[in-house]
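These figures come from a predicted structure and were not determined experimentally. Convention: sequence-line order gives letters A, B, ...; per-chain numbering from 1. Excluded from the calculations below are hydrogen atoms, water molecules and symmetry mates; all remaining heavy atoms, backbone and side chain alike, are included.
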Amino acid sequence: MLLAWYPEHARDLPWRHTRDPYRIWISEVMLQQTRVATVIERYTRFTEKFPSLLSLALARQEDVLALWSGLGYYKRARLLHDAARLVVAEHGGSLPQTAAELRKLPGVGAYTAPAIASIAYGEPIAVVDGNVERVLTRLQALDADGQRPTAGTLQARADELLDPESPGIFNQAMMELGATICLPRTPLCTVCPVYVYCRTRGEHTPRPRTQIVSRQASYLLWRRPFRGQTSRVAVLLVKRPESAALMPGMWELPELPEPPEQQPILRVRHAITTSNYYVSVFAGDGQIGITTPSGTERKWFPERKLTEIPLTGLARKILMRLDVMAKPREVRRGKALPGGEDQPPA
DNA sequence: GAGTCGTGGTC
DNA sequence: TGACCAAGACT
């Protein structure tokens, strides 16, 4: 029933048009904790720039991170790059073909290994992601005792249900069901293809979350002509230390310890995992001193270089809102965005 | 096993 | 507006 439902209702996604294990791998890593809609555009750009595992392995880490900028969880990009080099060095450039072997690659965990193995190589092994967990928990009332089922229980139940003839399709169908029908808040039980088998019909206790705290931050946007050319503008950026726990080695605007006595040119809210940052951006002109920790690299970047360096998501957001940085080309419907929409208030 | 790591969309 | 949360991995 699920296998019959899937072809009719599956979304048309770029990575469903390929059987290239490398591309499946890229898509799975990008999709980790990241929405499909966000990944689509990034996947396309990434695979255009790095069309093969070898091209990725040969790339500089900075160029990989630049393409990842804004996607979040930058450790994924580093581990992906490390894994690509490892595959070239130790596996002759071809991905391992079993979940057990794939699992040994950095960044390939309990979900991603079976996902690649089943989708790209047809190994009969079930995936358990957030969707599958929710679907199974509801379908079989696995939290009837008030406890969330363990990973082992979920994997066992999923493997029991798996169709060994079409493991890749089955796995994607389970995830698709969770993503489009068996939704977290309001499951669409009336159109669910497995409604008659469902023990709960949507009852489900969500997992507890860690609390969000609010913080404030001020940043400086300092622009000046680039190499004396009045037609080109450069922006001052600082590089986060390689030792930083958060976003190491990525470029951002200089942060101000205190908000200066002037009106900000932009206010934005930016959520970073467990913190909500209320950010003010001030125009710099050399009057506002910036004190960066010793050893921190500072550099003036011309506008056109900004797309080529690993910026933090917040820096990208600020530079795009203030029209310093061009927005990435709009793909959908071929409708070019008129520049300069979403202007900040004066 | 719980904390941590980013971000943008949605309601 | 603010809380929720997405095809998780790692420590």
Proximity to the side chain of A/R134 - top-ranked nucleotide from B/dG6, C/dG8, C/dA6: C/dA6
Evaluate the ring planes of A/W5 and A/H9, with Trp represented by its six-membered ring, and classify them as parallel (under 30°), tilted (30 to 60°) or perpendicular (over 60°). parallel
Between C/dC4 and B/dG3, how far is it from one P atom to the other, in whole Å? 16 Å
Give every residue pair that meets the ring-ring contact (aromatic ring centres under 6.0 Å, His included) criterion with at least one member in residues 243-269 of chain A, sequence neighbours excluded. A/W251-A/F301
If we ignore angles and hydrogens, is there a donor and acceptor under 3.5 Å between the side chains of A/H17 and A/D12? yes
Starting at CD of A/Q147 and ending at P of B/dG1, how long is that distance when rounded to a whole Å? 11 Å
Which part of the nucleic acid, if any, lies within contact of A/Y278, taking any heavy atom under 4.0 Å across all strands shown: a base, the sugar-phosphate backbone alone, or nothing? sugar-phosphate
Between A/K305 and A/E308, is there a salt bridge with N-O shorter than 4.0 Å? yes
After noting the C-alpha distance and the side-chain angles of A/T34 and A/R76, does the key distance pass the side-chain hydrogen bond (donor to acceptor under 3.5 Å, both in side chains) rule? CA-CA 11 Å; A/T34 308; A/R76 291 183 297 178; 3.0 Å; yes
Give one of base, sugar-phosphate or nothing for A/R269, where a contact means two heavy atoms less than 4.0 Å apart. base
Classify the nucleic acid contact of A/T34 as base, sugar-phosphate or nothing, counting any heavy atom under 4.0 Å across all strands shown. base
What residues from residues 104-120 of chain A pass a heavy-atom cutoff of under 4.0 Å to DNA chain B? none
Any side-chain N or O of A/K317 under 4.0 Å from OP1/OP2 of B/dG8? yes
note: A/L314, atom CG; B/dC5, atom C1'; distance rounded to Å ~ 16 Å
Would you kindly give the CD-to-P distance between A/E41 and B/dT7, to the nearest whole Å? 16 Å
Just by distance, with hydrogens left out, do A/Q147 and A/D143 show a side-chain donor and acceptor under 3.5 Å apart? no
Among residues 167-182 of chain A, which contact DNA chain C at a heavy-atom distance under 4.0 Å? A/M175, A/A179
Using a 3.5 Å distance criterion without hydrogens, assess whether the side chain of A/T44 forms a donor-acceptor pair with backbone atoms of A/I40. yes
Of all heavy-atom pairs linking A/I272 and A/M247, the shortest is CD1-CE, 4.0 Å
Donor-acceptor pairs under 3.5 angstrom involving side-chain atoms of residues 173-185 of chain A: please list them, not counting sequence neighbours.
from   : atom 1 : to     : atom 2 : distance (Å)
A/E176 : OE1    : A/R11  : NH2    : 3.1
A/E176 : OE1    : A/R16  : NH1    : 3.4
A/E176 : OE1    : A/R16  : NH2    : 2.8
A/E176 : OE2    : A/R11  : N      : 2.9
A/E176 : OE2    : A/R11  : NE     : 2.8
A/T180 : OG1    : A/E176 : O      : 2.8

Side chain of A/L246 only, please: which of C/dA7, C/dA6, B/dG6 is the nearest? B/dG6
Does A/Y278 have A/R215 sitting over its ring (NZ/CZ under 6.0 Å from centre, angle to axis within 45°)? no
Judged by nearest nucleotide, the residue sitting upstream toward the 5' end of DNA chain B, A/T38 or A/R185, is A/T38
Gap between atoms CZ and P, on A/R267 and C/dT1 respectively (whole Å): 13 Å
Between P of C/dA6 and CG of A/L13, the distance in whole Å: 17 Å
Using whole Å, report how far CG of A/L102 lies from P of C/dG8. 17 Å
Report yes or no: do A/Q32 and A/T112 form a side-chain donor-acceptor pair below 3.5 Å? yes
Could you work out which one of C/dA6, C/dG2, C/dA7 sits closest to the side chain of A/Q33? C/dA6
Side-chain N,O (A/H270) to OP1/OP2 (B/dT7) below 4.0 Å: yes
Determine whether the aromatic ring centres of residues A/F226 and A/W300 are separated by less than 6.0 angstrom. no
With sugar-phosphate meaning primed atoms plus P, OP1 and OP2, does A/M30 contact a base, only sugar-phosphate, or nothing at under 4.0 Å between heavy atoms? nothing
Any residue in residues 151-163 of chain A with a heavy atom nearer than 4.0 angstrom to DNA chain B? Just list them by number, or reply none. none
Answer yes or no: is there an ion pair linking A/E133 with A/R148, defined by an N-O contact shorter than 4.0 Å? yes
Counting only side-chain heavy atoms from C-beta out, which of C/dA7, C/dC4, B/dG6 sits nearest to A/W15? C/dA7
Taking the C1' atom in each of C/dC10 and B/dG8, what is the distance between them to the nearest angstrom? 24 Å
Counting only side-chain heavy atoms from C-beta out, which of B/dT7, C/dC4, C/dG8 sits nearest to A/Q32? C/dG8
Give me the residues of residues 66-89 of chain A where at least one heavy atom lies under 4.0 Å from an atom of DNA chain B, by number, or none. A/G70, A/L71, A/G72, A/Y73, A/Y74
Write down the distance separating the P atoms in B/dC11 and C/dA7, rounded off to the nearest Å. 15 Å
Between C/dT1 atom C1' and A/N276 atom CG, what is the distance in whole Å? 11 Å
Residue pair A/Q140 / A/R157, side-chain donor-acceptor N/O under 3.5 Å: yes
Without swapping roles, check the side chain of A/W68 against the backbone of A/G72 for a donor-acceptor pair under 3.5 Å. yes
Whole angstroms only, please: what is the CE-P distance between A/M250 and B/dC5? 14 Å
Would you indicate what A/R42 reaches in the nucleic acid, counting non-hydrogen atoms under 4.0 angstrom: base, sugar-phosphate, or nothing? nothing
For the side chain of A/R42 and the backbone of A/L67, is there at least one donor-acceptor N/O pair under 3.5 Å apart? yes
